[in-house]
**Q** 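Below you will find the structure I want to go over with you.
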Amino acid sequence: MLRTHTCGELRPLQAGEQVTLTGWLNRRRDFGTLIFIDLRDRYGITQVVVDSTTSPEAHAVLAEARSEYVLKIVGMVRVRPEDGRNTNLPTGEIEVVAQQAEILNPSKQPPLYIAKEGNEDEALRLKYRYLDLRRARMQRNIILRHQTIKFIRDWMSARGFLEIETPMLMASTPEGARDYLVPSRLHPGEFYALPQSPQQLKQLLMVAGFDKYFQIARCMRDEDLRADRQPEFTQLDIEMSFVEQEDVLQLVEPLMTELVAAIVPQKHVLSPFPRLTYYEAMERFGSDKPDLRYGLELVNVGEIVSESQFVVFTQALANGGQVKAIRVPGCGNYTRKQLDELSEVARTGGAKAAATLSIEAAGVKGSIAKFFTPEQTAALVETLGGEPGDLLVFVADNKDAVAGGLDKLRREFARRLNLADPDLLAFAWVVDFPMFELNHETGVWDAQHHPFCMVNPADVEKLNRNELEGVRAAAYDLVCNGYELASGSVRIHDRAIQQRIFDRLPYTPGEIQRRFGHMLEAFEYGAPPHAGIAPGIDRVLALFCDEDNIREVIAFPKTQRAEDLMMHSPSPATEKQLRELHLDVKVEA
RNA sequence: GGCCUCGUGGUGUAGCGGUCUAACAUGCCACCCUGUCACGGUGGAGAUCGUGGGUUCAAAUCCCAUCGAGGUCGCCA
């Protein structure tokens with residue numbers, strides 16, 4: 001070892017000891033004959049002091065040292081003078097008086113300041129990710145990530161779950177996200193697919209009798225990126241046999257609660273986790289992943305405004321749409337410009353516009369106020385619980401647009417008004433997802449989930465009658481603060497039912513046999529009832545770390561165009577590689 | 001694929017038709033300084049304003065295209 005201690009561990013207890021520290025030069029303060037250096041490693045920062053009158057050689061070395069030089073310091077631990085303590089540092093009561101100093105490696109001027117949070121273009125951070133990762137924030141996030149995954153492994157193991165690895169080179173599955181493909185050298189013209197999730201394999205592990213399975217599983221999907229979506233991401237993949245939906249929820253809820261307590265004790269959760277049906281979530285929040293840290297709930301005012309003179313509202317209702325509103329406290333004084341911006345926000349959620357009424361002591365004001373009778377106005381204010389000074393924001397449109405528009409507005413107001421407690425992790429279960437959703441373009445009911453998801457037993461009759469609209473899936477999501485953190489379901493374990501679901505897919509019987517024949521066959525050999533779920537680790541960590549984008553909790557993430565700016569991937573293959581893989585590349589003009 | 005935001009010394013910002021021979025902060029270099037911890041002081045170097053066209057007597061500034069980053073809709077069973 002080149003060092004005896006780390007930069008985070010020395011205390012007055014070690015005063016008088018000779019120690020050797022190594023680390024990066026975080027900051028220096030040069031007084032000529034006296035130089036202070038903050039030496040940094042991932043454990044902390046320790047102040048080194050060198051005096052030219054007592055250690056001229058060490059002083060000469062450290063006079064040369066600059067930011068991010070890698071140093072080795074041999075010196076004596078000394079309690080700092082009373083007025084020289086630094087209460088901001090855990091090591092702030094001591095300093096190391098350098099006797100010898102060595103530059104293990106110099107550094108060019110780095111393109112990022114390591115010692116201070118900057119506001120750099122993210123492309124620069126990604127290009128020099130190894131420097132970005134030196135910074136305190138990223139070190140904290142990456143360490144928290146390790147602790148989280150370690151906690152999960154221990155917790156699941158203690159409850160009898162086995163971590164079982166599944167292959168990265170898999171077969172392409174036809175539905176779902178776009179696959180990442182890997183060409184086969186031994187099988188010209190054939191490809192592996194990287195897993196979108198180990199879904200089929202974990203179900204086959206249930207058939208194999210590994211009744212409690214988990215895996216910290218990497219998943220890849222070749223879809224467009226978002227703040228909470230990377231081309232590869234990590235899931236806690238879970239599957240259990242001989243259980244029902246309730247058993248899965250009763251496993252994950254304490255896992256999350258105890259994880260929060262262990263890893264981010266400054267944060268708190270709602271206990272027990274609230275449960276909402278999908279229908280309820282959409283009605284009250286306009287979202288299947290509502291942020292429950294604040295109110296601003298959606299209120300249906302269709303009945304009140306149906307007789308009004310406001311054609312936009314009555315027309316929307318006549319077309320089978322909805323009129324809903326939220327009450328925003330204290331925003332009644334919005335200017336015309338601010339009110340216009342709200343329509344812009346509503347548009348990002350798919351609605352055409354937002355209308356508003358300001359509540360004043362004397363009555364309501366706003367461009368649409370004239371369309372309502374005094375009775376209608378009073379009913380609106382009362383139904384929404386409006387107080388003077390409040391702003392009522394309405395969206396009238398088809399059901400989806402109303403939900404989307406008000407969801408966006410709700411989030412925007414919560415942000416502006418600072419309504420969300422940053423230390424609250426408002427976990428909640430959303431249950432009873434619909435089994436099918438209407439494709440507005442084709443008018444056909446499509447399966448909303450993967451084809452292994454069981455129908456809610458209470459709705460089997462409906463399904464048999466082919467009344468698809470109200471059929472619920474035995475599917476559930478864990479949501480938190482506006483993010484979908486996990487999605488799961490009870491699976492089909494009956495060959496006949498599974499066959500019927502597959503038959504609904506737009507594939508020929510031959511294709512279904514080729515793609516899913518192994519699943520159908522496995523179900524003929526004693527498949528146990530089973531269910532599972534898969535929390536997204538990256539999103540959990542983003543919430544733990546107060547980051548609003550998962551790149552900040554991934555060591556080496558990719559850009560929105562799915563590139564790695566440091567390693568330069570993707571990149572062209574050589575002629576030789578292509579030849580071996582039997583590939584001919586044609587780049588479109 | 002659509003829409004929106006951003007791109008100016010190493011880094012972050014200002015400047016938004018002429019006063020720009022581009023400003024400020026920080027970092028960097030040199031010198032001074034024995035108790036700092038965002039040390040302080042003095043001096044200095046460092047940018048053809050992402051790229052390419054165009055408009056104009058004149059472009060960092062206006063227009064078009066393009067490249068790059070981010071956000072979002074579509075997409076993500």
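A note on names: the letters A, B, ... follow the listed sequences, proteins ahead of strands, and every chain is numbered from 1. Source: prediction; values computed, not measured.
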**Q** Report yes if at least one side-chain N or O of A:Arg29 is closer than 4.0 Å to OP1 or OP2 of B:rC39; otherwise report no.
**A** yes
**Q** Does the side chain of A:Thr559 get closer than 4.0 angstrom to OP1 or OP2 of B:rA69 through an N or O atom?
**A** yes
**Q** Taking only side-chain N and O atoms of A:Asn119, does any of them lie within less than 4.0 angstrom of OP1 or OP2 on B:rU13?
**A** yes
**Q** Evaluate A:Asp179 against A:Gln196 for side chain to side chain donor-acceptor pair (under 3.5 Å), listing each step before the verdict.
**A** CA-CA 7 Å; A:Asp179 282 316; A:Gln196 296 178 22; 2.6 Å; yes
**Q** Could you measure between the two P atoms, the one in B:rU5 and the one in B:rA14, and give it in whole Å?
**A** 16 Å
**Q** Looking at A:Glu552 and A:Arg137, is any side-chain nitrogen of the basic one under 4.0 Å from a carboxylate oxygen of the acidic one?
**A** yes
**Q** By the definition salt bridge (charged side-chain N to carboxylate O under 4.0 Å, His left out), identify the one residue from A:Arg27, A:Arg28, A:Arg29 that meets it with A:Asp38.
**A** A:Arg29
**Q** Listing time: all N or O pairs from protein to nucleotides 23-26 of chain B that are below 3.5 Å?
**A**
unit_1: B:rU26; atom_1: O2; unit_2: A:Tyr113; atom_2: OH; d: 2.8

**Q** Determine the interplanar angle of the A:Tyr128 and A:Tyr130 rings, folded into 0 to 90°, and report it as parallel if under 30°, tilted if 30 to 60°, perpendicular if over 60°.
**A** perpendicular
**Q** What interatomic distance, in whole Å, is found between C1' of B:rG17 and the corresponding atom of B:rA59?
**A** 7 Å
**Q** Show each protein N/O and nucleotides 30-33 of chain B N/O combination with a separation under 3.5 Å, one pair to a line.
**A**
unit_1: B:rA30; atom_1: OP2; unit_2: A:Arg66; atom_2: NH2; d: 3.3
unit_1: B:rC33; atom_1: N3; unit_2: A:Asp30; atom_2: O; d: 2.9
unit_1: B:rC33; atom_1: N4; unit_2: A:Asp30; atom_2: O; d: 3.1
unit_1: B:rC33; atom_1: N4; unit_2: A:Asp30; atom_2: OD1; d: 3.4
unit_1: B:rC33; atom_1: N4; unit_2: A:Gly32; atom_2: N; d: 3.2

**Q** Would you measure the distance from the C1' atom in B:rC29 across to the matching atom in B:rG9 and give it in whole Å?
**A** 15 Å
**Q** Looking at A:Gln560, does any N or O in its side chain come under 4.0 Å of the phosphate oxygens OP1/OP2 on B:rG71?
**A** yes
**Q** How far, in whole Å, is B:rU61 from B:rU48 if one measures between their P atoms?
**A** 15 Å
**Q** Grab the N/O contacts between the protein and nucleotides 41-51 of chain B below 3.5 Å, and write none if there aren't any.
**A**
none

**Q** Would you call A:Arg129 and A:Asp132 a salt bridge, using N to O less than 4.0 angstrom?
**A** yes
**Q** For B:rG74 versus B:rC3, give the span between their P atoms, rounded off to a whole number of Å.
**A** 16 Å
